[in-house]
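Predicted model only: the values in this text are computed from it and were never measured. Note that ligands are numbered from 1 as they come in the structure, with each ligand's atoms numbered from 1 the same way.
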Amino acid sequence: PSSGALAGRRVLVTSGPTHEPIDPVRVLANRSSGRQGHAIAAAAARAGAEVTLVSGPVAIPDPAGVTVIHVESARQMLSAVEAALPADVAVFAAAVADWRVATDAAHKMKKGAGGPPALTLVENPDILATVARRGEGRPTLVVGFAAETENVLDNARAKLARKGCDLIVANDVSHAGGVMGGVSNTVHLVTADGVDSWTTMSKEAVAEALVAHFAGRLGASQ
Ligand code: C5P
């Protein structure tokens, strides 16, 4: 049996970008590295949890001691998340594409006399909101992330309510140094009770501190 602050707990984490197909060779993507989500999965495993990590396409290795499900698109990520439930804690650190191409082409699109193709975008499912709004089988603790470039705390509070989650980990991604793809992170924990702003730390240290916070909240909820 495992020991540690999350022993006996099930933790689900999403991480990385999603890739939305345009045709068999092209995708819509974003610059998420997966570092923060992967670090949280690794830290939860070290704390004794049974961890499932649902990861979009990333260039970093699978964390040790974690079950990793590799997906590409937002719709695949949602299916993998639903298949991985139930969980005590669900952490949505992935940078899910807001939109996908309405109909991805079955064959590679060709340059031609018709000029460039027009891509029609449609909204992707909101994975965090879908899980947070579940009745039966909702995780005890549903955690979202907010990468904001302005009005960080106001936007995070609004997001907390809109998504129906218990905690938003907000970070300001506007400043130089680049959180997106970078190694450190300055986060604010936003809950219905208020805001807790943490000092700048490595993404690994943020992960360790978040896991300790989750363990404390789960302990308090029993
Ligand atoms: O609305 P916004 O994309 O800013 O919200 C960010 C939070 O929502 C992150 O926790 C992200 O993982 C989650 N999210 C999601 N599915 C989406 C969009 C965002 O799970 N389609």
Original post:
Okay, side chain of Thr18, backbone of Val96: is any donor-acceptor separation there less than 3.5 Å?
Top reply: no
Original post:
Heavy-atom count around Arg134 CZ within 6.0 Å, excluding the residue itself: above 12?
Top reply: yes
Subject >> From Thr103 atom OG1 to Leu119 atom CG, the distance as rounded to the nearest 0.5 Å >> reply: 9.0 Å
Subject >> Which residue and heavy atom of the protein sit nearest atom 20 (O) of ligand 1, plus the separation >> reply: Leu128 N, 2.8 Å
**OP:** May I ask you to check whether Ile127 has an N/O atom sitting below 3.5 Å from an N/O atom of ligand 1?
**Re:** yes
**OP:** Nearest heavy atom to atom 3 (O) of ligand 1 wins, so pick from Val91, Val131, Asp98.
**Re:** Asp98
Original post:
Do ligand 1 and Phe145 have nitrogen or oxygen atoms that lie under 3.5 Å from each other?
Top reply: yes
**OP:** Indicate yes or no: does an N/O atom of Val143 lie under 3.5 Å from an N/O atom of ligand 1?
**Re:** no
**OP:** Indicate yes or no: at least one non-hydrogen side-chain atom of Asn185 is less than 4.5 angstrom from one of Trp198.
**Re:** no
Subject >> Closest approach of any protein heavy atom to atom 4 (O) of ligand 1, naming residue and atom >> reply: Lys159 NZ, 2.4 Å
Subject >> Side chain, backbone, both or neither: the part of Pro125 lying under 4.0 Å from ligand 1 by heavy atom >> reply: backbone
Original post:
What is the distance from atom CZ of Phe214 to atom CZ of Arg9, rounded to the nearest 0.5 Å?
Top reply: 13.0 Å
**OP:** Please report which non-hydrogen protein atom sits nearest to atom 18 (C) of ligand 1, along with the residue it belongs to and the distance in Å to one decimal place.
**Re:** Val96 CB, 3.8 Å
**OP:** Just jot down the ligand 1 atoms closer than 4.0 angstrom to any heavy atom of Gly144, in number order.
**Re:** 10 (O)
**OP:** Show your reasoning for whether side chain to side chain contact (heavy atoms under 4.5 Å, CB included) applies to Glu208 and Met201.
**Re:** CA-CA 10 Å; Glu208 293 279 350; Met201 292 183 260; over 6 Å; no
**OP:** State whether the side chain of Asn124 and the backbone N or O of Ala97 hold a donor-acceptor pair below 3.5 Å, judged by distance alone.
**Re:** yes
Original post:
Is Asn124 close to ligand 1, meaning an N/O of one under 3.5 Å from an N/O of the other?
Top reply: no
**OP:** Could you list the atoms of ligand 1 found under 4.0 angstrom from a heavy atom of Phe92?
**Re:** 9 (C), 10 (O), 11 (C), 12 (O)
Original post:
Ala94 near ligand 1, heavy-atom distance under 4.0 Å?
Top reply: yes
**OP:** May I ask whether Lys163 has any heavy atom positioned less than 4.0 angstrom from an atom of ligand 1?
**Re:** yes
**OP:** For Asp166 and Val142, indicate whether the former's side chain and the latter's backbone hold a donor-acceptor pair under 3.5 Å.
**Re:** yes
Original post:
Do Ser55 and His70 have a side chain donor and acceptor closer than 3.5 Å?
Top reply: no
